Amino acid sequence: MSAPPPNEISEERTLVSPSGGDLLSLLVDKDVITAEQAETARRRMRRAAIPSHQAVMDLGIASEEDVFRAVAETNALPFMVLSETELGEDAAKKVPAKVALHYKFVPISISRGTLRAAFSSPPSVRDRQNLRLLLGLRLDPCIAGPKDIARTLKNIYGLGAETVLQIRQDRGLGRAADAVRFESTAGQDLTTTETEDDASITHLVNQMLVEALEMDTTDIHIEPFEDTVRLRYRIDGMLRDIPTPPGLRELHEAIVARLKVMADLNIAEHRLPHDGRIRVRVGEEDFDLRVSILPTRFGETLCLRILNRASIFLEMEQLGLDRQQRVILEKLVKLPHGIILVTGPTGSGKTTTLYAALAKVKADSPERKIITVEDPVEYVLEGTSQIQIRADIGLTFARGLRSILRHDPDIILVGEIRDAETAEIAIRSAMTGHLVLSTLHTNDSVGAVNRLIDMGIEPFLVAASLVASLAQRLVRRICPHCKEKQTEINPRLRAQMARSLGIAPEEVHAWKGKGCIECNYTGYRGRVAVFEIFLLDENIQDMVSRHASTSQLRHEAREHGMRTLRDDGWVKVQAGFTTIEEVTRITSTLDLTYEVPEDNEN
């Protein structure tokens, strides 16, 4: 290979990183940091022997974009926002994954034998020469933020590409993966028990789990097909495809076997469904992973539900209830007897609401005895007797509930009413002086009445015991970093919002997220709940005893002031918590019509 021309060597010599003082001074001149913060960063540089930009990032005194724009400026290099840059397919095909991942750069484009690539810091002369020998291309470097680079590399080459490609130079997975401790349900430490042959699969599985935890994922889906494996994370209630590297299909059986070992499942059984649990600790946070495995045509498909024991517990003020709803719920949990149901689909936050209610009871009435029966026990509530369901030995909800009554509780929490036996015991408990809290799978709050009747409970028993049913859904919260006012609102929805909120149409407001790196360009970050509270007053109790239809009960409740899920959604839109699109998405079945909407309608 011939030596590079003199003008290229001269250009390389200008890429030596400037002193920390130059970078810090530039950040001070741009009012990104103060002089005092710059001095703190200098002390950290000397003490930890790290570059100036790393010191600033470690201290958290400036954003990544501001810091690396300054790095680019001090090195006379352009700064790139990769999410806003068109990446050439020829560049990604020319650069092998192991090269891009080892040198941590994103190939952007190739033109006339020169590769434009984004680095988080200027490449050294040695790295430039190595890359020219490896790729046969000259290098035109630019600067981008390390998070932007990591995200783009994952999108190009797939999650865990370095492991799938058998890159073993660095056996660890970075600080995040090393900080994770995996345990079986029996308490066995699974972090370091693998043999040398299993290490790469272990690393790949750990990386999938760590990535999911860092992205606040609630469910991991690993689905095999004939030629590929589809990896998806449910984030803020929406499934998001995660890029995977070529060759992952051949490793699918090994990935399944590894997860079965972690969940104490039979690795030799491939014909039947499996269910298990994995305990994970990341720093001071504990996570439970509920593993479900189903046999399919092309192999076993996995779903891992992630439960964060810390985040599942919220105060009542944090649930998303407005003042009126919060006052109603506080009155309900102070009742001496009756049944209060929380309804909604899986993953709608029902358990979180029940725990918040129990915490309120404990704080206001510590003399009341609380016993719970759950599957699984998702949060440890101090001072409360909690029973874990064990269906394999006959400890079901019904059997546990029957035994609980002999312990003289004031409040009973039943994780879920699944069958007629559990429903009947819960009804009898409520009618003999106990307050029963539970969940039920129905589409709205009013539907809980006829769901109980369909289970075989007599209508007069439902009327005598059920005091309230609360339905809830989770809608995505607008990202606060890119939130902006929505200028155009569909006239039909504007009128509907105005009627629901009792305001003039011109007073209706809405917001949306533009999309930024903080929300992965979705416009949403986090979720907030919308609620519907159905109270059974004497008039509605009489209707229930006569076995009134769900539509009749709903009409009567609305006449007496019940706010529906959509009505509460409009309140959240007006307050700037969520978008019109989110509310219509989660309540779309409540607004079916034969009319064909225009193209511009939401």
Side-chain angles (χ1 to χ4, degrees), residues 97-98 101-102 104 150 153-154 157-215 217 219-224 228-233 242-270 274-294 299-308:
K98 59 184 179 181
L101 293 167
H102 177 73
K104 293 182 174 59
L153 283 174
K154 185 185 71 175
Y157 298 108
L159 176 64
E162 65 274 33
T163 307
V164 176
L165 294 171
Q166 299 299 306
I167 292 187
R168 305 299 294 275
Q169 292 94 330
D170 184 356
R171 290 287 306 280
L173 290 169
R175 277 177 281 179
D178 292 338
V180 181
R181 183 173 187 271
F182 297 97
E183 294 180 353
S184 69
T185 52
Q188 176 192 10
D189 187 354
L190 297 169
T191 310
T192 57
T193 58
E194 287 68 42
T195 65
E196 190 79 15
D197 294 336
D198 297 330
S200 58
I201 291 297
T202 299
H203 289 169
L204 179 59
V205 171
N206 287 1
Q207 191 169 359
M208 287 180 179
L209 298 179
V210 169
E211 181 82 3
L213 296 175
E214 289 180 346
M215 295 175 70
T217 302
D219 299 88
I220 303 173
H221 296 261
I222 305 174
E223 303 161 303
T228 62
V229 172
R230 191 178 191 185
L231 176 64
R232 294 192 288 177
Y233 294 164
I242 303 299
T244 56
L248 190 64
R249 181 65 182 89
E250 289 73 21
L251 301 176
H252 177 69
E253 289 186 7
I255 293 171
V256 174
R258 169 60 184 165
L259 287 166
K260 284 183 178 180
V261 169
M262 297 172 69
D264 282 341
L265 299 175
N266 182 3
I267 63 172
E269 180 57 71
H270 304 285
H274 294 266
D275 290 296
R277 295 176 64 191
I278 303 170
R279 287 201 295 264
V280 181
R281 167 162 285 194
V282 182
E284 297 299 318
E285 286 192 280
D286 288 319
F287 297 87
D288 277 338
L289 274 61
R290 291 158 63 177
V291 182
S292 179
I293 303 176
L294 291 173
E300 292 174 288
T301 183
L302 298 94
C303 178
L304 287 75
R305 166 66 58 86
I306 300 175
L307 301 173
N308 185 339

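Computed from a predicted structure; not experimentally measured.
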Q: Identify the two heavy atoms, one from Glu269 and one from Glu300, that lie closest to each other, and give their separation to 0.1 Å.
A: O-OE2, 3.5 Å
Q. Met215 versus Ile242: any side-chain heavy-atom pair under 4.5 Å?
A. yes
Q. Lys260 and Leu302: side-chain contact (heavy atoms from CB on, under 4.5 Å), yes or no, with the steps?
A. CA-CA 10 Å; Lys260 284 183 178 180; Leu302 298 94; over 6 Å; no
Q: For residues Arg230 and His221, determine if any side-chain heavy atom of one lies less than 4.5 Å from a side-chain heavy atom of the other.
A: no
Q. Can you tell me how far the CZ atom of Arg232 sits from the OG1 atom of Thr244, to the nearest 0.5 Å?
A. 12.0 Å
Q) Any side-chain heavy-atom pair from Met208 and Tyr233 closer than 4.5 angstrom? A) yes
Q) Between Leu259 and Ile222, is any pair of side-chain heavy atoms under 4.5 Å apart? A) yes
Q: First locate atom CD1 of Ile201, then atom CD of Glu253, and finally report the distance between them rounded to the nearest 0.5 Å.
A: 11.0 Å
(Q) Are Pro224 and Arg249 packed together at the side-chain level, in the sense that at least one heavy-atom pair is separated by less than 4.5 angstrom? (A) yes
Q | Atom pair CG/CZ of Leu289 and Arg279 - distance to nearest 0.5 Å | A | 12.0 Å
Q: Starting at CG of Leu294, measure out to NE2 of His274 and round the result to the nearest 0.5 Å.
A: 9.5 Å
Q | Side chains of Ile306 and Ile220 in contact at under 4.5 Å (non-hydrogen atoms) | A | yes
Q | Test applied, side chain to side chain contact (heavy atoms under 4.5 Å, CB included); reference residue, Met262; option that passes from Ile278, Val280, Val291 | A | Ile278
Q. What are the two closest heavy atoms between Asp219 and Thr217, and how far apart are they?
A. O-CG2, 3.0 Å
Q | Approximate separation, where rounding is to 0.5 Å, of Arg277 CZ and Asp288 CG | A | 4.5 Å
(Q) What I'd like to find out is whether the side chain of Lys154 reaches to under 4.5 Å of the side chain of Leu159, using heavy atoms alone. (A) yes
Q: Mind checking the CG-CZ spacing from Leu251 to Arg258? Nearest 0.5 Å is all I need.
A: 14.5 Å
(Q) Could you check whether any side-chain heavy atom of Ile255 comes within less than 4.5 Å of a side-chain heavy atom of Leu248, counting everything from C-beta outward? (A) yes
